[in-house]
Amino acid sequence: MEQYIIKGGNPLVGEVEIGGAKNAALAILATAIMADETVTIENLPNVRDINVMLEAIKGIGGKVDRIDVHTVKINGAMIRDLSVDYEYIKKIRASYYLLGALLGKYKKAEVALPGGCDIGSRPIDLHLKGFRALGAKVDIQHGLISAEAEELQGTHIYLDKVSVGATINIMMAAAMAKGKTTIENAAKEPHVVDVANCLNSMGANIRGAGTDVIRISGVEKLHKTEYSIIPDQIEAGTFMFAAAATRGDITVKNVIPKHLEAISAKLVEIGCEVKELDDAVRVVASKPLHHTQVTTLPYPGFPTDMQPQMSVVLGISEGTSTVTESIFENRFKYVDELTRMGASIKVESNIAIVTGVGNYTGAQVSAPDLRAGAALVIAGLSAEGITIIDDIYYIERGYEGFDEKLAQLGAQIQKVTTEKEITKFKLKVS
Ligand code: EPZ
């Protein structure tokens, strides 16, 4: 089983190129099958989840040509199978975006019901509420969601909770419905805007993405396009927090600074210097860092996908901080692992009370999920001594070349699979 081994203590210094946004790309790959012409998607992150989504598209008969690791051409003309295999939804929940895409295009779709995951139960009731509001008959039997409609009729949908997935899935189905659809209380994440922009470049008529009211006028057909995915704000934020944790100086390049405002604001609040350039942000952590309060919120609030990374940095900042997780009900599983590295964190329901300690000490820990895994890497980079991280396949679901990019910034980190490699690494860094 692959692991990361890290010798902590080096301040990370330098520049790192940020890749395409995984959570935009997963949805945009699904929209690509809605045309019967070739859709070219560029700046794809080369991560496991993207590769699974491409397999799922091939699985229903979509034509997938990988031009290079970051570029793919998709053609949905030959799709015959409107049922997405359970194996894909088991691997990535986001396969459910094929439900909205297939229902929008063919007025019929079947996708396995996604289970819960590492950070909570993750219901999709709002997605199904939206499809039913558009006139689809939606049944759940034997773990399968089947949705079907003579035709989809535009309507007014109010989302009881702000949901990225439901906003995007309903937007896709409504894009090819008859008439106008309004989605109220819509998610405003940059990746929601990216999906709307991609659909509009394919001939859809979507207005208001990025605000809490999205207006869609359905169209008969969608056509080919060439579209480039926006930079990944969470990958960027993860490197920015690595600069803070290691008291380093990192410039994240090829980003949209506006998408990082909540992350930058928190770094400034705890004592980092943050300099925004046109398509880059520089984080310098030369002074001792101190406590703050943070609550995760839908965009433009502080992102839940940055919550574990925030706790890791606060765990070695002066004073006592609070981290409130308002989006998911079980996103503090990493705290037990971090405690083994010397953290002093107490979790009471959805609030973590973080008492800063001088530093972490290296230990063997396991990644409980994607973002928590990345946060434990950050802890290992700042820790005194050696940290070994198990279950790094979680991390590779959403971070391309994570260890290589960190090593280029001066981190002593290596991906290993054998005891021999671990011994060699320890000799090299001792
Ligand atoms: C997306 O998940 C992201 N995943 C998550 O990133 C991210 O944490 C989340 O948005 C919030 O930003 C992808 O884009 C693939 P939601 P999603 O629907 O769409 C509840 C990562 O690390 N809810 O906005 O599933 C839900 O339980 C992943 O990259 C319902 O109750 O999130 C949660 O409490 C982790 N009913 C809240 O809404 C529904 O039908 C927000 O979830 C849908 C959601």
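Just so it is clear, the structure is predicted and the values come from calculations on it, not from any experiment. Reckoned from all heavy atoms, side chains included, excluding hydrogens, waters and symmetry mates. We're numbering straight along the sequence, starting at 1. Whatever order the structure lists ligands and atoms in, that order sets their numbers, starting from 1.
For the ligand labelled ligand 1, residue Arg93 lies inside the 4.0 Å heavy-atom shell. Residue-ligand proximity: Arg331 is placed with a non-hydrogen atom under 4.0 Å from ligand 1. Ligand 1 does not have Glu329 within reach: every non-hydrogen atom of the residue lies 4.0 Å or more from it.
With a 4.0 Å cut-off on non-hydrogen atoms, Asp305 touches ligand 1 through its side chain and not its backbone. Only the side chain of Thr304 comes within contact range of ligand 1, with a heavy atom under 4.0 Å; no backbone atom does. Under 4.0 Å from ligand 1, not a single heavy atom of Ala166 appears.
One option in Leu297, Leu126, Val162 has a heavy atom closer to atom 38 (O) of ligand 1 than any other, and that option is Val162. Within the set Ala372, Pro123, Gly165, the minimum heavy-atom distance to atom 43 (C) of ligand 1 is found for Pro123. Within the set Tyr299, Tyr96, Tyr97, Phe328, the minimum heavy-atom distance to atom 32 (O) of ligand 1 is found for Phe328.
Those atoms of ligand 1 with a heavy atom of Arg371 less than 4.0 angstrom away are 21 (C), 22 (O), 29 (O). Each of the atoms 3 (C), 4 (N), 6 (O), 13 (C), 14 (O), 15 (C), 21 (C), 29 (O) of ligand 1 lies under 4.0 Å from some heavy atom of Asn23. Remark: ligand 1 atoms within the under-4.0 Å shell around heavy atoms of Lys22 are 21 (C), 29 (O).
Around NE2 of His142, the count of heavy atoms belonging to other residues, nucleotides or ligands within 6.0 Å does not exceed 12. Summarising the local packing, CZ of Arg282 is surrounded by 12 or fewer heavy atoms from other residues, nucleotides or ligands at distances under 6.0 Å.
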Under 3.5 Å, side-chain donor or acceptor atoms of residues 373-380 against the rest of the protein: list the pairs with distances, not counting sequence neighbours.
none

I'd like a table of donor-acceptor pairs (distance under 3.5 Å, sequence neighbours excluded) in which one partner is a side-chain atom from residues 128-139, with atom names and distances.
{"residue": "Lys129", "atom": "NZ", "partner": "Tyr158", "partner atom": "O", "Å": "2.8"}
{"residue": "Lys129", "atom": "NZ", "partner": "Asp160", "partner atom": "OD1", "Å": "3.3"}
{"residue": "Lys129", "atom": "NZ", "partner": "Asp160", "partner atom": "OD2", "Å": "3.2"}
{"residue": "Arg132", "atom": "NH2", "partner": "Val138", "partner atom": "O", "Å": "2.9"}
{"residue": "Lys137", "atom": "NZ", "partner": "Asp139", "partner atom": "OD2", "Å": "2.5"}

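A donor and an acceptor atom, one from each side chain of Thr296 and Glu325, are located under 3.5 Å apart. Under the 3.5 Å distance criterion, with hydrogens and angles disregarded, a donor-acceptor pair is assigned to the side chains of Gln3 and Asp390. Counted by atom type alone, Glu148 and Tyr106 present zero donor-acceptor pairs between their side chains at under 3.5 Å.
Using the six-membered ring where Trp is involved, Phe402 and Tyr4 have ring planes that are tilted, between 30° and 60° apart.
Here the side chains of Ile351 and Gln293 are not in contact, with every heavy-atom distance at 4.5 Å or above.
Ligand 1 has no N or O atom lying under 3.5 Å from any N or O atom of His191, backbone or side chain.
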